[in-house]
Amino acid sequence: MNFKAIRGTNDHIPEDMAAWNFVESVARNTAAMFGYKEISTPIFEQTALFKRAVGEGTDVVQKEMYNFNDLGGNELTLRPEGTASVCRAFIEHGMHNKPYPVRLFYIAPMFRHERPQSGRLRQHHQFGVEIFGDKSAETDLEIILLGLTYLDNLGIKDLKLKVNSIGTSKTRIEFKKSFENYMNPLVSRLSEKDQKKYQLNPIRILDSKESATQDLLADSPKPIDFLDEDSKDHWGKFVILLEESIKMFKGVEFEIDKGLVRGLDYYSKTVFEIQPKNSNKAQSSILSGGRYDNLVENIGGPDTPAAGFGSGIERVILNMNEKEYEDLDFTQLLIIPASEEGLILSIKIAQQLRNKKISTSICSSDRSFKAQMRYANQINAKNVIVLGNKEVESNKISIKNLSSKIEKTIDLTLENILSTLDSNG
RNA sequence: GUGGGCGUAGUGUAGUUGGUUAACACGUCAGGUUGUGGCCCUGAAGAUCGAGGGUUCGAAUCCCUCCGCUCACCCCA
């Protein structure tokens, strides 16, 4: 019998955790600096929530969700993304009665049944933020600045920020009409793949990777050309603010990408995507999001404008080449029990030291003395104490610092041990 | 769902005109005398060569099927 982690899921073994914890703490600190409060929601929800929020026609809903029925016959789904759940919680807890805007963030696993590849997993983790109740352009800017600050704090430089406005659902209908008029005579010139794509969802070929397709699209209508007055205003203000504030981030270039479209239906107006400037990876987007002014109302809440982003932690880690975090992989003190009485004493002293915040392990008395010393070295212990009959009888112990090899003999009291460990570092 | 690459101890690798006990390094464990580690020396454990079937006197090596990993498409974080 050979059990393995499910395809597309990863264990985080101790060696991975330093990087992981670093990213999480940077995420929490950055969010806190911007005044965002952490929220955590269940990893599964009613299937209908995601269908409604993300959109029936999207790939995510159509073929990537982990759906299941529980024993009560409820249709449930492991969350494929975070925004829908947070909106549900926002409504359920009456957060629209809180002073606006409401700023929330989460760090949570997401599940999508996709074919895994570099930077794409079936279970991945996202740091995401959402801001509710503010339709101003500076809100869009705020979450982008939060995202850039987060990546900067992680030491990820040389980023490209793509922004676009896709208007409202109404203006998109007009755009679509015009776009199809433009494309229909040209469809036969698309590759087979893009033709299929076009049949399924015409707008999606806007961000096709095929250069032949992009050439055909060069003069095509774009969603941003169809904005209504309100969206146009919003966009204009947003771009001015962005142009000014992006200067604060060295190494970040921004680009208005009129072909940028999102795969989730709830977005409106501003959408954006951040990727490393010179990424040769296919799955290069490490942080993306936008505004979704209709989502809260769509799933049964009050009319509430909102915006947010999601950022894949695994992808972020793939892009952290500089090691900006410390590996805190050490044991401050290892106690080697050298006799039966020494073992009892070891257990008591270890407990007292742990209460004083000294990380302390006791070596197995099953192993030879030499093996125990070797173990102290292997686990990178800073200090070693041997407790045997000699120590029990004389009430004196020696504390050895393994890197300096210096051994200090002291009277056995907790205070002495603490001060010696302290001076040993 | 579609295509490419790859599967040999815990890890990284060697081993193909088929030929005996599948090799090396790192790691692990144990010893190098009695209570002091790292270096060094010696030894040990650890691989049904991804799985199943076929060809053959004989298969890690050739053929078929399946599985897994990985990269890319699609889509997304």
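Reckoned from all heavy atoms, side chains included, excluding hydrogens, waters and symmetry mates. Lettering of chains follows the sequences in order, A, B, ..., and the numbering in each one begins at 1. Owing to the predicted nature of the structure, the values given are computational and were not obtained by experimental measurement.
- Rounded to an integer number of Å, the gap from CG of A:L402 to P of B:G37 is 10 Å.
- Of the C1' atoms belonging to B:U42 and B:U33, the separation is 15 Å, rounded to the nearest Å.
- Under the Watson-Crick and G-U wobble criteria, each requiring two contacts below 3.5 Å, nucleotide B:U42 is paired to B:A30.
- In this structure, the side chains of A:Y182 and A:P221 come closer than 4.5 Å at one or more pairs of heavy atoms.
- A heavy atom closer than 4.0 Å to some atom of RNA chain B occurs in A:R367, A:S368, A:F369, A:K370, A:A371, A:M373, A:R374, A:N377, A:Q378, these being the qualifying members of residues 366-378 of chain A.
- As judged by a 4.0 angstrom heavy-atom cut-off over every strand, A:G128 is placed among residues making no nucleic acid contact.
- At a threshold of 4.0 angstrom between heavy atoms, the contacts of A:Q275 with the nucleic acid are absent.
- With hydrogens and angles ignored, no donor-acceptor pair closer than 3.5 Å exists between the side chain of A:Q62 and the base of B:C75.
- Residue-level contact check: A:N389 touches the bases, meaning some heavy atom is under 4.0 Å from a base atom.
- For the pair A:R115 CZ and B:G3 C1', the computed distance is 9 Å after rounding to whole Å.
- At the heavy-atom level, A:L121 lies under 4.0 Å from base atoms of the strands shown.
- Going from the C1' atom of B:G10 to that of B:A47 covers 11 Å, rounded to whole Å.
- In this structure, the ring of A:F272 has its center no less than 6.0 angstrom from the ring center of A:F254.
- When the options A:I344, A:I362, A:I336, A:I397 are evaluated for a side chain to side chain contact (heavy atoms under 4.5 Å, CB included) with A:L387, the one that passes is A:I397.
- Note on A:Q117: every side-chain N or O is 4.0 Å or more away from OP1 and OP2 of B:C71.
- Rounded to the nearest Å, the gap between the P atom of B:C69 and that of B:U8 is 14 Å.
- Between A:K269 and A:D293, at least one side-chain nitrogen of the basic residue sits less than 4.0 Å from a carboxylate oxygen of the acidic one, meeting the salt-bridge criterion.
- In this structure, the CD atom of A:E81 is 8 Å from the P atom of B:A77, given to the nearest Å.
- With hydrogens and angles ignored, the 3.5 Å screen pairs no side-chain donor or acceptor of A:S231 with any backbone N or O of A:L227.
- A:I399 has its CD1 atom 15 Å from the C1' atom of B:U36, to the nearest Å.
- Judged by distance alone, the side chain of A:N401 and the main-chain N or O of A:N383 form no donor-acceptor pair under 3.5 Å.
- The P atoms of B:G5 and B:G18 are separated by 22 Å, rounded to the nearest whole Å.
- Map A:Y267 and A:R7 each onto its nearest nucleotide of RNA chain B; the residue landing nearer the 5' end is A:R7.
- Checked for salt-bridge contact, A:E391 and A:K396 miss the test: no charged N lies under 4.0 Å from a carboxylate O.
- At B:A77, none of the side-chain N or O atoms of A:S311 fall inside 4.0 Å of OP1 or OP2 (strictly under the cut-off).
- The nucleotide whose nearest atom lies closest to any side-chain atom of A:D59 is, among B:G38, B:G3, B:C74, B:C74.
- Within 4.0 Å (heavy atoms only), A:G388 reaches at least one base atom of the nucleic acid.
- With respect to A:K160 and A:E255, a salt bridge is recorded, a charged nitrogen being found less than 4.0 Å from a carboxylate O.
- Put simply, the side chain of A:R112 and the base of B:A77 share a donor and an acceptor less than 3.5 Å apart.
- In this structure, A:E407 atom CD and B:G35 atom C1' are separated by 10 Å, rounded to whole Å.
- Nucleotides B:U61 and B:G46 place their C1' atoms 24 Å apart, quoted to the nearest Å.
- Note on A:L287: only backbone sugar-phosphate atoms sit closer than 4.0 angstrom, heavy atoms only; bases stay farther off.
- In the set B:G37, B:A77, B:C73, the nucleotide with an atom closest to the side chain of A:R315 is B:A77.
- As the counterpart of B:A47, no nucleotide is assigned, since no Watson-Crick or G-U wobble pattern has both distances under 3.5 Å.
- The separation of B:C73 from B:U28, taken at their C1' atoms, amounts to 43 Å, rounded to a whole angstrom.
- Across the strands present, B:C6 finds its partner in B:G68; the criterion is a Watson-Crick or G-U wobble pair with both atom distances under 3.5 angstrom.
- Side-chain to base pairing of A:K400 with B:G37: one donor and one acceptor N or O lie within less than 3.5 Å of each other.
- Using a 4.0 Å cut-off between a side-chain N of Lys or Arg and a carboxylate O of Asp or Glu, A:D152 and A:K157 qualify as a salt bridge.
- Across every strand in view, B:C74 sits unpaired, with no contact that passes the Watson-Crick or G-U test at under 3.5 angstrom.
- Remark: the separation of the P atoms in B:C74 and B:G27 is 45 Å, to the nearest Å.
- As the counterpart of B:G58, no nucleotide is assigned, since no Watson-Crick or G-U wobble pattern has both distances under 3.5 Å.
- Here, B:G50 and B:C57 have their C1' atoms 27 Å apart, quoted to the whole Å.
- Both A:N10 and A:S285 lie close to RNA chain B; mapped to their nearest nucleotides by heavy-atom distance, the more 5′-ward contact belongs to A:N10.
- OP1 or OP2 of B:A77 sits under 4.0 Å from a side-chain N or O of A:R262.
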Atom pairs and distances, donor-acceptor, side-chain atoms in residues 10-20 of chain A, under 3.5 Å, two or more places apart:
residue, atom, partner, partner atom, Å
A:D16, OD2, A:I13, N, 3.1
A:W20, NE1, A:E24, OE2, 3.0

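- Side-chain atoms of A:T149 never come within 3.5 Å of backbone atoms of A:G147 as a donor-acceptor pair (strictly under, hydrogens ignored).
- Proximity of A:E142 to A:Y36: side-chain heavy atoms (C-beta onward) are separated by under 4.5 Å at one or more points.
- In this structure, A:M320 atom CE and B:A77 atom P are separated by 20 Å, rounded to whole Å.
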Each nucleotide N or O in nucleotides 9-13 of chain B that has a protein N or O under 3.5 Å away: list the pair and distance.
none

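- Proximity of A:S118 to the phosphate of B:C71: a side-chain N or O atom is located under 4.0 Å from OP1 or OP2.
- The CZ-C1' distance, from A:R120 to B:C75, rounds to 6 Å in whole Å.
- Between the NZ atom of A:K160 and the C1' atom of B:A77 there is a distance of 18 Å, given to the nearest Å.
- Contact of A:K4 with B:G50 (side chain to base): no donor-acceptor pair of N or O atoms is detected under 3.5 Å.
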Salt bridge (charged side-chain N to carboxylate O under 4.0 Å, His left out) assessment of A:R79 paired with A:E45: CA-CA 7 Å; A:R79 70 171 157 231; A:E45 299 270 357; over 6 Å; no
